[in-house]
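Only heavy atoms go into these numbers, but all of them, side chains included; no hydrogens, no water, no symmetry mates.
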Amino acid sequence: SSAPTVASVDANGRVTGLAAGTTEISARSGSVSGTATVKVRIASVTLERDPSLSGTITASSITVARGTIVTATGTLRLETEGAVEILGTVRGDCTRIEIRGQTLAVKGIVTNACSAPDADGEPLVLRAIDAIDFDSATVTSSGDITLSNVPESAGFLARSGSVRAPAPCTLSFTQLG
């Protein structure tokens, strides 16, 4: 495997996906050889048990379970080709948080407030291709907040909740397209 962190190959030639990504698998038997491109995708992920995370988590869908607190210990990007549903809490302390999916439903809390009073906040980005749906949601950040989606697909539905970014930070809603 050209990317052993993405997929491994055992002595019998069995390929095992380890993380989302793409890798080249090469094989040789005598004078015959070949190469194949393998794309590893992670199925649906439900975050539970109050994980501390950083980096990029890519899956077909991501759910933060009700009552769960996901703590971003560094830059955190939750990314899907499907739905993202925040029922619990995603929080960071002055760290960049990006949540991207085909659809985005926030029914819990997304916060990126700085505990140090003079710290500059990092951006909080919530982006969907289709609908963004806030229902009893609370979104706060000490840095800029960006909400965006594609207008031809769907809109932004805020049933109840709040979105707050203190001055001089900006709060922007953009329909891409």
Side-chain angles (χ1 to χ4, degrees), residues 19-21 40-117 119-177:
V40 177
R41 292 187 180 171
I42 297 177
S44 299
V45 170
T46 298
L47 298 171
E48 305 176 303
R49 300 187 182 140
D50 299 341
S52 295
L53 304 170
S54 64
T56 300
I57 297 175
T58 304
S60 62
S61 68
I62 297 174
T63 300
V64 175
R66 190 172 315 282
T68 297
I69 300 172
V70 175
T71 301
T73 57
T75 297
L76 177 61
R77 185 173 182 171
L78 303 177
E79 184 174 77
T80 76
E81 294 176 358
V84 178
E85 187 173 36
I86 310 295
L87 303 173
T89 301
V90 176
R91 70 176 180 198
D93 183 357
C94 279
T95 187
R96 183 179 184 91
I97 297 174
E98 294 184 34
I99 302 173
R100 301 169 181 256
Q102 185 72 27
T103 61
L104 174 60
V106 180
K107 299 175 183 178
I109 299 168
V110 180
T111 183
N112 188 25
C114 297
S115 58
D120 291 330
E122 288 292 322
L124 173 59
V125 178
L126 303 174
R127 181 166 291 153
I129 300 302
D130 288 332
I132 297 176
D133 182 3
F134 283 5
D135 187 2
S136 301
T138 301
V139 178
T140 59
S141 181
S142 295
D144 297 341
I145 299 175
T146 301
L147 308 172
S148 62
N149 70 348
V150 178
E152 295 83 20
S153 301
F156 176 75
L157 176 61
R159 292 185 252 198
S160 63
S162 62
V163 178
R164 294 186 307 267
C169 298
T170 61
L171 169 61
S172 63
F173 175 69
T174 307
Q175 288 194 305
L176 304 173

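In summary, K107 and E85 engage in a salt bridge, as defined by a charged side-chain N under 4.0 Å from a carboxylate O. Using a cut-off of 4.0 Å between Lys/Arg side-chain N and Asp/Glu carboxylate O, E122 and R96 are scored as not salt-bridged.
How far CD of E98 is from OG1 of T56: 8.0 Å, rounded to the nearest 0.5 Å. With rounding to the nearest 0.5 angstrom, the CG atom of L126 is 7.5 Å from the CD1 atom of I145. With values rounded to the nearest 0.5 angstrom, D50 atom CG is found 9.0 Å from T89 atom OG1.
At least one side-chain heavy atom of T146 sits less than 4.5 Å from a side-chain heavy atom of R127. Within the 4.5 Å cutoff, no side-chain heavy atoms of T103 are placed close to those of D133.
When every heavy atom of G92 is checked against every heavy atom of I97, the shortest pair comes out as N-CD1, 3.7 Å. Residues L87 and A65 come closest through the heavy atom pair CB-C, 4.1 Å. The two residues E81 and Q102 come nearest to each other via the heavy atoms O-CB, 3.4 Å. For the pair S141 and D144, the tightest heavy-atom approach, listed with the atom from each and the gap, is OG-O, 4.1 Å. The minimum heavy-atom distance linking S60 with T80 is given by the pair O-CB, 3.8 Å.
Applying the side chain to side chain donor-acceptor pair (under 3.5 Å) definition to pairs two or more places apart or across chains, those involving residues 66-76 are T71-R91.
Side-chain contact, T111 with T140: a donor N or O sits under 3.5 Å from an acceptor N or O.
Remark: the backbone N or O of T95 is paired with a side-chain donor or acceptor of N112 at under 3.5 angstrom. At least one donor-acceptor pair closer than 3.5 Å links the side chain of S142 to the backbone N or O of C114.
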Exercise for review: Might you work through the side chain to side chain contact (heavy atoms under 4.5 Å, CB included) test for L47 and L53, ending with a clear yes or no?
Suggested key: CA-CA 10 Å; L47 298 171; L53 304 170; 4.1 Å; yes
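With I99 as the partner, the side chain to side chain contact (heavy atoms under 4.5 Å, CB included) test is satisfied by one option alone out of L76, I62, V125, V84: V84.
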